[in-house]
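This report refers to the structure that appears directly beneath it.
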Amino acid sequence: MLKRVHYRGSLLPFLLVAPQIAVTLIFFIWPAGQAVYQSFLVEDAFGMSTEFVWFENFAELSEDPYYLDSFLKTIVFSVLVAGLSMGLSLVMAAMADRVIKGKTAYQTLLIWPYAVAPAIAGALWVFIFDPTLGIMTYALGFLGYDWNHKLNGGEAMTLVVVAAAWKQISYNFLFFLAAMQSIPKSLIEAAAIDGAGPAKRFWTIILPLISPTTFFLLVINVVYAFFETFGIIHSVTQGGPAKATEILVYKVFNDGFVGLDLGGSAAQSVILMGIVIGLTVIQFRYVEKKVEY
Amino acid sequence: MIENRPVSLFFSHLVLVLGVAVVAFPLWITFVASSHEAVRMTQVPLPLLPGDQFFTNLKLVLFQGLEGSGSPPVGMMLFNSLIMAIMIAFGKIAISLLSAFAIVYFKFRFRMFFFWMIFITLMLPVEVRIIPTFEVVANLGLLDSYWGLSVPLIASATATFMFRQTFLTIPDEMLEAARIDGASPMRFFFDILLPMSRTNIAALFVILFIYGWNQYLWPLLITTDRDMYTVVMGITQMLEAAEQAPDWHLIMMTALMAMLPPALVVLGMQKLFVKGLTETEK
């Protein structure tokens with residue numbers, strides 16, 4: 001990764017990396033270290049004294065039913081978001097790959113939700129499903145279903161999943177479409193000559209060949225659902241009703257900033273860091289492997 | 001298209017049109033809501049077709065904001081968002097260009113060490129280290145300032161990686177020629193490397209502008225002065241106010257304003273955007 005032709009070391013390269021390293025140290029490494037340190041501390045209710053307690057915060061978390069419940073909810077949430085969003089965009093990408101005219105037009109019409117902030121996406125869906133005024137609530141009422149996500153935890157979860165998946169469709173669509181278009185046309189043609197119809201070709205050729213992209217997207221979507229959906233949860237349900245949508249990232253924020261349980265919140269941060277590190281390693285180890293055509 | 005199957009082709013278009021309709025539905029509803037007056041927005045069922053109050057609402061929201069929500073006029077929040085997004089995008093690009101240049105073109109002590117240190121930032125999103133980062137920024141006295149909004153977010157492993165990738169594809173002869181002509185390292189950087197990475201910089205700018213504009217948790221934590229609110233966080237304040245008095249026409253107008261700039265950037269620079277997205281992530 002170093003150029004064959006390069007400069008010899010002097011002061012200059014240090015000056016060049018200095019800004020990046022300074023920001024990284026001050027705003028990334030140091031806070032992360034602090035989080036790890038705080039996760040070993042317990043502060044009394046008035047913030048007067050702190051005590052070093054080793055892994056007590058973690059032990060407490062592992063027995064805290066709310067935390068375990070939140071963990072479970074995060075897993076359900078991310079599986080639903082990844083499944084729904086990837087499923088829909090896979091179907092649409094497969095269709096867009098087949099059409100001759102209008103591919104770019106469809107792409108244009110599908111990519112803009114990427115630009116919408118999670119919190120704004122949440123606001124849109126909250127409006128559509130507003131318990132008294134929402135258009136979908138009205139339509140569901142017509143069908144005899146009484147929608148109120150402010151009271152019903154399952155409905156609240158459905159709503160945040162829909163909002164989160166909606167926002168992620170563009171991203172998945174772009175990657176699926178790009179992967180499908182990079183498959184050599186000769187493979188598809190050969191299969192067609194052998195008598196394989198579009199559905200058969202999709203299952204036996206296209207899907208296996210785009211599997212690295214699918215796996216890459218799976219990791220990205222899980223990361224997205226775990227960490228980037230904070231805005232959606234905050235604007236749609238604020239973790240409620242009765243903690244029904246309190247996923248891990250939201251709980252860190254809630255326990256730390258609202259509940260002021262610094263040690264517990266820091267321990268949760270450390271666990272979350274562990275998860276991000278794990279996911280990043282998976283992404284780098286396995287995603288690089290390309291399928292041979 | 002391999003063979004001629006009009007029915008299946010028609011079916012493909014049908015699925016796509018349906019998909020586009022589902023994806024665009026919230027946008028349409030937002031637009032419709034933002035173009036009606038307050039009274040109409042309290043009557044069930046809500047309208048599905050636009051009304052004639054769009055510009056009245058636009059003016060009201062931009063210059064006065066939503067009364068009783070505690071948030072400033074949307075025009076001001078849009079300005080704050082714009083400053084934050086541009087500072088983040090420029091900052092990330094600038095520091096990543098410099099560090100990628102050092103890592104690719106210089107042989108120096110701790111080179112790999114620095115590289116790994118930058119790599120680590122990839123693994124520590126703001127969401128997982130919020131409280132300590134907040135403390136650092138508070139101690140530096142950066143709360144309620146543009147610096148506090150942007151600087152803690154500008155370290156970027158992805159941008160550094162992308163520039164590293166770009167620099168590695170630039171032929172060695174470039175540097176040799178520059179050296180023979182007596183160009184200093186910085187001269188080489190500004191006159192050869194930068195112009196050659198122009199498209200990559202532009203593509204990355206699109207992605208990073210959207211990233212910056214859409215920041216939510218960070219501005220929410222560090223701004224208490226309402227003059228520093230950004231539009232994306234302002235919307236939540238409005239939603240909370242909506243519990244008592246749902247001024248949906250104004251809230252949706254604000255939402256529209258909040259998503260318009262990044263959406264325009266994506267659509268206007270679609271090609272660059274797709275390039276930037278697929279190349280930074282992979």
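Convention: sequence-line order gives letters A, B, ...; per-chain numbering from 1.
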Worksheet item: Contact part of T108(A) toward chain B, heavy-atom cut-off under 4.5 Å: side chain, backbone, both or neither?
Response: both
Worksheet entry | Interface residue of largest heavy-atom contact number with chain B, from G134(A), G231(A), P19(A), G141(A), under 4.5 Å | G231(A)
Worksheet item: What class does the angle between the rings of F188(B) and Y105(B) fall in, given that below 30° is parallel, 30 to 60° is tilted and above 60° is perpendicular?
Response: perpendicular
Worksheet item: Ring centres of F161(B) and F115(B) under 6.0 Å apart?
Response: yes
Practice prompt. Quick one: sort the F108(B) and F14(A) rings into parallel, tilted or perpendicular, breaks at 30° and 60°.
Written response: perpendicular
Worksheet item: Can you tell if the side chain of I220(A) reaches within under 4.5 Å of the side chain of Q168(A), non-hydrogen atoms only?
Response: yes
Worksheet item: Got L90(A) and F202(A) here, is their nearest side-chain heavy-atom distance under 4.5 Å?
Response: yes
Response to the item:
Bottom line for V136(B): the part with an atom under 4.5 Å from chain A's heavy atoms is side chain
Worksheet item: So do L110(A) and V20(B) actually touch side chain to side chain, heavy atoms under 4.5 Å?
Response: yes
Item to complete: May I ask you to establish whether K92(B) and Y211(B) are in a cation-pi arrangement, using a distance under 6.0 Å from NZ or CZ to the six-membered ring centre and at most 45° from the ring axis?
Response: yes
Worksheet item: What part of Q268(A) lies closer than 4.5 angstrom to a heavy atom of chain B: side chain, backbone, both or neither?
Response: neither
Practice prompt. Heavy-atom distances under 4.5 Å only: say whether T132(A) touches chain B with side chain, backbone, both or neither.
Written response: backbone
Practice prompt. Between chain B and each of A32(A), P198(A), A94(A), A35(A), count heavy-atom pairs under 4.5 Å; write down the option with the most.
Written response: P198(A)
Item to complete: Under 4.5 Å heavy-atom distance to chain B, tell me which part of I277(A) shows up: side chain, backbone, both or neither.
Response: both
Worksheet item: Can you say whether E135(B) sits under 4.5 Å from chain A via the side chain, the backbone, both, or neither, judging by heavy atoms?
Response: side chain
Practice prompt. Could you check if a side-chain atom of M117(B) sits within less than 4.5 angstrom of a side-chain atom of I29(A), using non-hydrogen atoms only?
Written response: yes
Practice prompt. With a 4.5 Å cut-off on heavy-atom pairs, point out which of I271(A), V270(A), I128(A), V252(A) contacts chain B the most.
Written response: I128(A)
Worksheet item: Of all of A100(B), P132(B), P261(B), which one pairs up most often with chain A through heavy atoms under 4.5 Å apart?
Response: P132(B)
Discussion item. Just verifying a value: how many Å separate I205(A) CD1 and L187(A) CG, rounded to the nearest 0.5 Å?
Written reply: 6.5 Å
Response to the item:
Greatest number of non-hydrogen atom pairs under 4.5 angstrom with chain B, of I135(A), L109(A), L15(A), V223(A), falls to I135(A)
Fill in: Atom group of T254(B) that falls short of 4.5 Å from chain A, counting heavy atoms
neither
Worksheet item: Of the backbone (N, CA, C, O) and the side chain (C-beta and beyond), which part of I21(A) lies under 4.5 Å from a heavy atom of chain B, both, or neither?
Response: side chain
Practice prompt. Identify which of A178(A), A96(A), P113(A) forms the greatest number of heavy-atom pairs closer than 4.5 Å to chain B.
Written response: A96(A)
Discussion item. With a 4.5 angstrom heavy-atom cut-off, is it the side chain or the backbone of S265(A) that approaches chain B, or both, or neither?
Written reply: side chain
Worksheet item: Are K103(A) and Q181(A) close enough that some pair of their side-chain heavy atoms sits under 4.5 Å apart?
Response: yes
Worksheet entry | Interchain contact, F119(B) with chain A, by part (heavy-atom threshold 4.5 Å) | side chain
Worksheet item: Highest number of heavy-atom pairs under 4.5 Å with chain B: which of V23(A), L133(A), L272(A), T280(A)?
Response: L133(A)
Worksheet item: Hey, which of F189(B), F110(B), F25(B) has the most heavy atom pairs under 4.5 Å with chain A?
Response: F25(B)
Worksheet item: Is there a side-chain contact between V231(B) and I235(B) (heavy atoms, below 4.5 Å)?
Response: no
Worksheet item: Which bit of R179(B) is near chain A, if near means a heavy-atom gap under 4.5 Å: side chain, backbone, both or neither?
Response: side chain
Item to complete: Please state whether the side chain, the backbone, both or neither of L16(B) comes within less than 4.5 Å of a heavy atom of chain A.
Response: both
Worksheet item: With respect to chain A, which residue among V265(B), D172(B), L264(B) yields the maximal number of heavy-atom pairs within a distance under 4.5 Å?
Response: D172(B)
Response to the item:
Okay, K101(A) and chain B: the region with an atom under 4.5 Å from a heavy atom over there is backbone
Item to complete: Please flag which part of F134(B) lies under 4.5 Å from any non-hydrogen atom of chain A: side chain, backbone, both or neither.
Response: side chain
Practice prompt. Under 4.5 Å, counting heavy-atom pairs only, tell me which of F273(B), F101(B), W213(B) racks up the most with chain A.
Written response: F273(B)
Worksheet entry | Between CE on residue M273(A) and OG on residue S39(A), distance to nearest 0.5 Å | 8.5 Å
Worksheet item: Using the ring of each side chain (for Trp, its six-membered ring), is Y250(A) parallel, tilted or perpendicular to H234(A), with breaks at 30° and 60°?
Response: tilted
Worksheet item: Between I26(A) and chain B, which part of the residue has a heavy atom less than 4.5 Å away: side chain, backbone, both or neither?
Response: both
Worksheet item: Which residue, Y114(A), Y171(A), W112(A), F173(A), forms the ring pair (Phe, Tyr, Trp, His ring centres under 6.0 Å) with W166(A)?
Response: W112(A)
Fill in: Contacts of K251(A) that satisfy salt bridge (Lys or Arg N to Asp or Glu O under 4.0 Å) - sequence neighbours left out
E246(A), D255(A)
Worksheet item: Who among L260(B), L14(B), V206(B), I170(B) has the most heavy-atom pairs with chain A under 4.5 Å?
Response: I170(B)
Worksheet item: Does the side chain of Y216(B) come within less than 4.5 Å of L220(B)'s, by heavy atoms?
Response: yes
Discussion item. Quick check on W147(B): does its CH2 atom have over 12 non-hydrogen neighbours (other residues, nucleotides or ligands) under 6.0 Å away?
Written reply: no
Worksheet entry | Any residue meeting ring-ring contact (aromatic ring centres under 6.0 Å, His included) with F142(A), in chain and number order, not counting sequence neighbours | Y138(A)
Practice prompt. With a 4.5 angstrom heavy-atom cut-off, could you sort out which part of S184(B) is near chain A: side chain, backbone, both or neither?
Written response: backbone
Worksheet item: So which part of L97(B) gets closer than 4.5 Å to some heavy atom of chain A, the side chain, the backbone, both or neither?
Response: neither
Discussion item. If you count heavy-atom pairs within less than 4.5 Å of chain A, which of V266(B), I131(B), T236(B), V15(B) leads?
Written reply: I131(B)
Worksheet entry | Under 4.5 Å from any heavy atom of chain B - which part of V249(A) | side chain
Worksheet entry | Heavy-atom proximity to chain B below 4.5 Å, by part of F253(A) | both
